[in-house]
Protein chains: 2
Amino acid sequence: MNKPAPVESRPYHHGDLRRALIEAARRILEADGPAALSLRGVAREAGVSPAAPYHHFKDKGELLDAVAHEGFEALAVALKDAKSKAVDVKDAMASLGVAYVKFAGANPALYRVMSDCSRDKDAMPDHLHDDEDSAYCTVRNTLVQAGLEGATPLDLELATVAAWCAAHGLAEMSGFRQFEGLKKELGGEDAFLRGVLEHLGMFAKVMKG
Amino acid sequence: MNKPAPVESRPYHHGDLRRALIEAARRILEADGPAALSLRGVAREAGVSPAAPYHHFKDKGELLDAVAHEGFEALAVALKDAKSKAVDVKDAMASLGVAYVKFAGANPALYRVMSDCSRDKDAMPDHLHDDEDSAYCTVRNTLVQAGLEGATPLDLELATVAAWCAAHGLAEMSGFRQFEGLKKELGGEDAFLRGVLEHLGMFAKVMKG
DNA sequence: GCGCACATCTGAACGTTGTCAAGATGAACT
DNA sequence: AGTTCATCTTGACAACGTTCAGATGTGCGC
């Protein structure tokens with residue numbers, strides 16, 4: 001047997017089953033959707049017995065957690081990328097929002113696993129919220145740079161949460177067929193997304209007193 | 001046998017199994033959460049055999065659709081109620097948002113079934129979107145009354161969608177433990193919700209050019 | 001009132017799933 | 001070499017969604 005040489009203290013029998021399982025899960029996810037993802041199916045796809053995964057994940061849920069974790073990392077990358085491509089600082093915020101929604105649209109099954117895991121734990125992943133260069137901080141920093149220096153820290157935090165919630169809501173609803181007319185009228189999905197995000201202000205302006 | 005007399009052309013053997021099944025499902029849902037809801041369990045709770053539901057619903061999914069439908073009706077009632085209780089027209093919009101999120105918080109399992117069904121069909125229920133006094137129209141009308149008469153119809157539509165997305169996003173995320181600090185700092189959940197909704201404007205203001 | 005047709009419910013079955021316990025297998029360390 | 005231990009397999013179990021053949025009762029035409 002010529003295994004690829006145990007570079008780290010990880011591989012044993014299979015090489016790196018944990019990794020293989022996560023990748024098999026992502027493959028099944030994008031191919032057949034979240035409803036078709038079974039632990040047995042993942043094991044089958046990875047070429048091991050149905051009980052093998054239990055030596056790497058305590059649960060089916062823990063496998064999904066791992067998949068979701070990778071999804072959130074990819075999301076953070078997509079957001080950073082979008083911000084770096086923004087034409088100016090006023091555009092950065094909208095770009096972030098659009099990038100968020102488009103990530104969800106491009107990886108619908110993955111995004112669904114991500115949000116399901118979050119809701120099951122009543123929390124977004126901590127690294128996403130706490131780390132210095134987390135997605136959460138990226139949004140907050142962008143808000144500051146775009147002209148919210150005057151705001152109190154509390155304002156800033158609330159605005160960040162507001163932005164995140166709006167992006168998540170739009171991500172889950174932007175595919176609704178009832179919005180097809182609006183998209184056509186505006187000339188595409190991007191215009192629709194930007195339009196909705198911009199009109200959050202109009203909506204918010206009529207509130208409070 | 002003294003059945004409650006066939007008021008309509010509905011009841012046969014059981015009386016009204018369809019209704020009984022939906023109620024059994026809602027009972028299980030609120031007691032044990034969405035993950036514990038099985039078709040067999042619902043049948044058991046209703047006192048019938050595991051195959052009985054298939055004469056009233058083609059699928060487990062169709063049962064959930066029916067449950068979700070009732071949920072959306074309850075939501076619409078809650079929104080109307082909140083609007084009628086608003087102190088002034090400027091307060092109505094915020095009240096609607098808070099009512100939406102609090103409905104989700106008060107019926108978490110039901111709300112989850114509702115949004116899962118929506119996502120599976122890539123659509124919100126049509127009656128919620130189209131009917132004259134639907135929740136969607138309630139939001140739009142409120143926007144008009146609160147001072148958006150000048151806006152174009154397109155603006156109005158986009159603002160309505162924006163409001164809905166924001167409410168949905170906040171509904172799904174407001175329970176996250178990462179926000180507990182903010183809630184405490186603001187003195188309660190209501191203040192947190194209102195705060196986030198109001199800061200949607202601050203977030204939106206820094207967008208576009 | 002009788003019998004027919006049909007909606008409704010039951011019982012048993014099939015394939016699939018998540019999970020577990022007991023044993024086989026092979027790598028690393030002594 | 002032999003021991004130890006993580007890893008993987010085999011086989012089993014209960015629960016699930018779903019289907020089908022058959023029992024059961026309801027309403028309708030006669």
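Throughout, protein chains are lettered first and strands after them, A, B, ... in sequence-line order, and every chain is numbered starting at 1. All heavy atoms count here, side chains included; hydrogens, waters and symmetry mates do not. Predicted model, so just to flag it, every value in this text is computed and none were measured.
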Legend entry - Side chain to side chain, F176(A) and K121(B), heavy atoms closer than 4.5 Å: no
Inset, instruction - Grab the CZ-P distance between R18(B) and dA7(C) for me, whole Å please. - result: 16 Å
Inset, instruction - Rounded off to whole Å, could you give me the CD-to-C1' distance for the E62(A) and dG18(C) pair? - result: 14 Å
Legend entry - Closest heavy-atom pair and its distance - P34(B), L29(B): CA-CD1, 3.7 Å
Inset, instruction - Run the salt-bridge test on R112(A) and E172(A) with the 4.0 Å N-O cut-off and return the result as yes or no. - result: no
Inset, instruction - Send over the distance from F57(B) CZ to dT8(C) P, rounded to a whole Å. - result: 12 Å
Inset, instruction - Could you tell me whether a side-chain N or O of N141(B) sits under 3.5 Å from a main-chain N or O of C137(B), the two making a donor and an acceptor? - result: yes
Legend entry - dA6(D) OP1/OP2 closer than 4.0 Å to side-chain N/O of H56(A): no
Inset, instruction - Mind listing the closest non-hydrogen atom pair of V139(A) and A163(A) along with its distance? - result: CG1-CB, 4.1 Å
Inset, instruction - Can you check each nucleotide of nucleotides 14-22 of chain D against protein heavy atoms at under 4.0 Å and return B for base, S for sugar-phosphate only, - for none, in 5' to 3' order? - result: --BBBBB--
Inset, instruction - Would you kindly give the CD-to-P distance between E45(A) and dT17(C), to the nearest whole Å? - result: 13 Å
Legend entry - Which atom of L110(A) lies closest to which atom of G71(A), heavy atoms considered: CD2-CA, 3.9 Å
